[in-house]
Amino acid sequence: MARYNPKEIEPKWRSRWATEDAFATETDPSRPKYYVLEMFPYPSGRIHIGHVRNYAMGDVVARYKRARGFNVLHPMGWDAFGLPAENAAMQTGGHPEKWTRDNIEVMREQLKSMGLSIDWRREFATCDVGYYRWQQKLFLDFWKAGFVERRESYVNWDPVDMTVLANEQVIDGKGWRSGAEVERKKLSQWFLTITSMADDLLAALDDGRLDGWPDNVRLMQRNWIGKSKGLQMKFHFADGMKAPDGADGVEIFTTRPDTLYGASFIAVAPDHPLAQSYAADDKAVAAFIAECQKTGASQEAIDKAEKKGVRLPLEAEHPFAKGETLPVYVANFILMSYGTGAIFGCPGHDQRDHDFAVKYSLPIIPVVLPEDADATSFSVAEEPYVGPGEIYNSGFLNGMTVEAAIEAAIAKIEAAGDGKGTTQFRLRDWGVSRQRYWGCPIPAIHCEKCGVVPVPEKDLPVKLPDIDAKEFSIPGNPLDRMPEWRNVPCPECGGGARRETDTFDTFVDSSWYFTRFATDPDAWPNAPVDKQDAEYWLPVDQYIGGIEHAILHLLYARFFTRAMRQCGYLSVDEPFANLFTQGMVTHATNRELIKTDWPVQSDEGNVQTVHSAAELVEKAVNSFARIDFDNGAVKRGQVVMLGGWLLPEDCDRINAEPGKAVQRGPIEKMSKSKKNVVSPEAIADTYGADAARWFMLSDSPPERDVEWTEAGAAGAWKLVARIWEAVEPAEGALKAHDFSKPPVTASEAELSLRRATHQAIAGVTEDIENFRFNKAIARIYEFLNALKKAPPLRRPDGSPANGPRAEAFAQAEALSALARLISPFTPHLAEECWERLGGDGLICRAPWPEADPALLVKDEVVMPIQVNGKRRAEISVAADADPKTVEAAALSDEAVKRHIDGLTVRKVVVVPGRIVNIVAN
RNA sequence: GCGGGCGUGGCGGAACCGGUAGACGCAACGGACUUAAAAUCCGUCGGCCGAAAGGCUGUGAGGGUUCAAAUCCCUCCGCCCGCACCA
């Protein structure tokens with residue numbers, strides 16, 4: 001028997017698919033469409049195993065839907081702009097574009113070797129001028145439509161690298177690359193007004209438009225948008241006081257106007273105009289603001305920061321309690337970016353306000369009484385009460401519930417003309433400016449006379465200028481240093497002007513790429529998308545990607561789709577009808593241990609005892625650890641020093657060295673620094689792409705993380721070999737039978753195999769439809785086991801099949817189904833099997849097998865019999881037997897009789913086809 | 001702190017709408033083949049008692065609803081994820 005050799009067979013089929021253009025797709029309104037898309041990769045250098053899992057899932061869906069008769073669009077491209085290319089350029093002295101293009105070349109070949117059924121004609125990179133010019137056009141359209149604004153905003157500024165940093169790039173207040181103290185700097189930036197659509201973006205999460213999305217993603221988006229209803233109102237300063245800037249009061253936002261009677265202070269954010277207006281002349285205020293700005297940059301340290309403030313020489317009038325006034329503070333816990341940047345503090349019913357009141361000895365007045373509390377003894381002096389209850393100590397609000405009091409307070413403020421009920425969103429507008437070279441230039445021109453003007457459409461594209469590679473090793477944005485590119489005449493007045501040197505956030509690039517894929521590349525229109533193509537293909541029917549994009553990318557794409565619709569390009573508002581978020585691929589880590597000669601009982605001060613591998617790896621960095629758990633590598637009680645991470649192939653060598661050992665570390669996401677990366681090529685080299693795909697889908701549910709193990713990969717390879725062994729002897733088996741006319745089956749063995757076949761078809765189909773690839777694979781194993789167990793069967797004419805087993809109809813039918821059921825998972829193997837069996841054409845074009853419902857139902861069923869809830873026997877009855885008959889059969893069973901002996905049968909529950917429970921005592 | 005999710009053999013995981021818990025795979029163990037090993041094939045495989053038949057027990061812990069609970073409800077413990085001074 002010829003051993004299956006993926007190294008020869010896999011490339012053979014890939015070139016067949018290529019020469020036959022098997023996966024090229026055309027817009028064809030006469031056929032039902034299916035658009036399956038995996039989030040396109042960033043060309044970071046090489047494909048990793050996580051990509052394999054992601055694209056294998058999409059490919060299963062694409063191949064399955066194709067077999068079901070859909071016109072399937074399954075494209076691939078590159079999210080090619082971005083910071084890493086510039087960093088690489090800086091380090092290697094190269095050019096970001098060269099680095100990016102080289103990576104794309106490598107990664108395209110790697111992806112192709114996975115056997116993905118992709119229409120490669122549609123490939124593009126977001127750094128292609130042919131793509132980003134249309135992004136510039138969209139931006140101009142959005143500008144006209146009012147979705148673009150320019151405004152001042154704070155950024156994290158690295159003064160050494162002279163660049164803006166994302167929050168994630170600020171570590172402990174310092175730039176991640178330069179280590180320089182990060183400054184907060186106010187810059188004029190471009191914004192897309194995503195908040196203008198906040199209401200609809202939120203509404204679609206719950207009104208059925210996104211039913212095909214996971215609940216957790218919808219929830220995350222809901223929280224991110226963060227709608228809250230409340231009151232925006234003005235507190236007037238008492239006695240005609242005015243701030244240095246002339247303000248006679250301050251606007252605040254609250255969701256708890258019911259607690260207004262509990263107010264004991266007003267607080268504004270350090271960035272608030274009121275605070276700023278005092279800062280010029282008041283040293284204490286200025287110092288406080290400066291201090292806030294230092295700590296303001298980092299994120300989680302805020303939580304531990306003490307609530308602090310500085311008093312302004314102002315008093316505000318209480319809106320209800322005439323004559324009462326409230327002190328006004330600048331406080332470090334108020335955010336300028338939410339609401340109005342100012343609040344009233346109610347220490348009795350808010351933790352932060354409580355902390356603040358305690359520190360500055362402000363009154364703490366309870367105004368909400370919990371249901372079972374007593375008004376005379378209830379106290380909020382120790383901690384605030386935030387639950388429901390009855391309003392008291394509150395004038396006209398007394399006796400109301402919280403909800404009713406909120407309504408009443410809003411009504412009263414509105415009547416007085418001091419404010420109104422409003423809705424606030426947590427969502428902020430999307431700042432798209434990046435002070436970077438390697439991105440899509442923002443098509444705008446700054447003119448002294450005319451202000452900021454759009455680049456006229458006839459002048460598009462604004463291409464990135466060619467830049468000498470050595471420019472990238474100088475800090476700052478190279479575009480700022482290119483007068484020949486930067487200096488242009490103003491399109492309006494013709495005078496001297498300069499180009500915008502900011503480029504777009506790369507999230508802009510990925511917010512509409514899926515619409516571009518839908519546009520036929522052989523007839524690219526003079527527009528971002530082709531209307532007919534978009535009409536046919538959108539929305540994406542199945543989108544697949546990592547959960548890390550649950551908020552930003554998916555929200556931006558939803559916004560873009562709406563904006564494109566308003567500009568007349570699309571007729572859908574939701575881009576992704578169904579979303580699936582897959583888990584990561586993890587792998588065991590290994591760590592070097594260096595044993596010491598220290599006595600086991602040593603009590604040196606710098607030795608800590610650790611109780612697990614995870615703890616050891618986490619804590620024992622640069623110190624000594626006493627091992628207090630069994631691990632084989634070292635003795636319990638041994639004191640060790642932790643060395644570096646180890647590649648799996650180095651472990652044996654280290655273990656052999658005296659005084660050293662290998663500690664298996666925690667199972668983690670693959671990363672270069674932890675040396676636990678497994679390259680897809682290495683797997684494909686050993687076992688083939690099919691085995692790699694199979695393994696990535698087999699063990700865990702797709703949404704969960706999967707651990708890569710050598711044994712698992714080997715197991716997948718074994719499956720490939722087993723299938724080939726089952727198919728190989730049955731050469732030409734399909735040609736010997738007419739599958740449209742199954743024989744009238746006589747033998748129980750044949751019928752049983754046919755049942756297994758049709759159950760497998762039904763099961764695998766359902767599991768693929770529901771994204772349960774691990775279960776689909778389990779069913780294929782079950783089916784293969786049944787197929788192997790099936791005895792040699794009879795030929796259609798009834799004579800014994802003494803020759804190859806596949807001569808019998810049931811065998812041939814089973815093998816035909818098997819080849820097609822595996823084809824989405826292991827496409828190369830499936831083609832080879834199909835050819836061997838004598839199937840017509842390519843299996844990637846063959847129709848999906850249909851399950852015969854008649855073969856899915858059994859005439860007889862085995863029913864368990866319980867006595868008082870405990871399983872005592874089994875009986876076999878006709879599937880359609882009526883409950884009375886089943887009950888009688890159950891009661892007459894010998895084992896059942898034994899268990900009810902001496903008891904009275906009180907009740908018999910018969911669940912047809914399922915179970916019988918006899919209640920007796 | 002707020003919001004959400006999850007706890008099932010040695011491991012990854014099955015179990016439709018409450019109806020035979022542990023499908024399928026991995027590991028392990030026993031056997032066959034082999035001079036031997038690998039590969040392959042056959043078999044066993046939650047725990048306890050038992051030669052077996054069979055019995056008891058068992059889905060993080062405790063309680064409840066039900067003829068019947070991994071599944072529903074309550075309390076607790078543990079782990080994971082998201083947001084995080086959002087007024």
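Quantities reported herein were computed from a predicted structural model and do not represent experimental measurements.
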Strand partner of rA61(B), provided both Watson-Crick or wobble distances fall under 3.5 Å: rU75(B)
Provide the Watson-Crick or G-U wobble partner of rG1(B), both distances under 3.5 Å; none if there is no partner. rC83(B)
Please produce a list of atom pairs where a protein N or O lies less than 3.5 Å from an N or O of nucleotides 49-55 of chain B.
{"from": "rG55(B)", "atom 1": "OP1", "to": "H899(A)", "atom 2": "NE2", "distance (Å)": "3.4"}

Mind calculating the distance between CZ (F356(A)) and P (rA87(B)) to the nearest angstrom? 18 Å
Please name all residues satisfying salt bridge (charged side-chain N to carboxylate O under 4.0 Å, His left out) with E874(A), sequence neighbours left out, ordered by chain then number. R871(A)
Would you mind pulling out the nucleotide paired to rC17(B), Watson-Crick or G-U wobble, both distances under 3.5 Å? none
Counterpart base for rU34(B), defined by Watson-Crick or G-U wobble contacts under 3.5 Å: none
Going by side chain to side chain donor-acceptor pair (under 3.5 Å), name the residues that satisfy it together with D199(A), two or more places apart in sequence or in a different chain. K227(A)
Are any of Y338(A)'s side-chain N or O atoms less than 4.0 Å away from OP1 or OP2 of rA87(B)? yes
Write out all pairs satisfying side-chain hydrogen bond (donor to acceptor under 3.5 Å, both in side chains) with one or both partners inside residues 905-921 of chain A, taking only residues at least two apart or from two chains. R906(A)-N921(A)
Counterpart residues, side-chain contact (heavy atoms from CB on, under 4.5 Å), relative to S337(A) (two or more places apart): L335(A), R428(A)
Test side-chain contact (heavy atoms from CB on, under 4.5 Å) applied to I915(A) - qualifying residues, sequence neighbours left out: P864(A), Q866(A), V911(A)
What string of B, S and - do you get for nucleotides 11-16 of chain B, 5' to 3', when a contact is any protein heavy atom under 4.0 Å? -SSSSB
Every protein N/O lying under 3.5 Å from an N/O of nucleotides 2-5 of chain B:
none

Partner nucleotide, any strand, of rA28(B) [Watson-Crick/G-U, under 3.5 Å]: rU44(B)
Base contacts versus sugar-phosphate-only contacts with protein, heavy atoms under 4.0 Å: please encode nucleotides 40-48 of chain B as B, S and - from 5' to 3'. SS-------
Review item, nucleotides 69-76 of chain B N/O atoms under 3.5 Å of protein N/O:
none

May I have all residue pairs that pass side-chain hydrogen bond (donor to acceptor under 3.5 Å, both in side chains) and include part of residues 695-720 of chain A, sequence neighbours excluded? Y687(A)-E710(A)
Nearest-nucleotide wise, let me know which of T709(A) and V916(A) is further upstream toward the 5' end of RNA chain B. V916(A)
Under the side chain to side chain donor-acceptor pair (under 3.5 Å) test, which residues partner E383(A), sequence neighbours left out? none
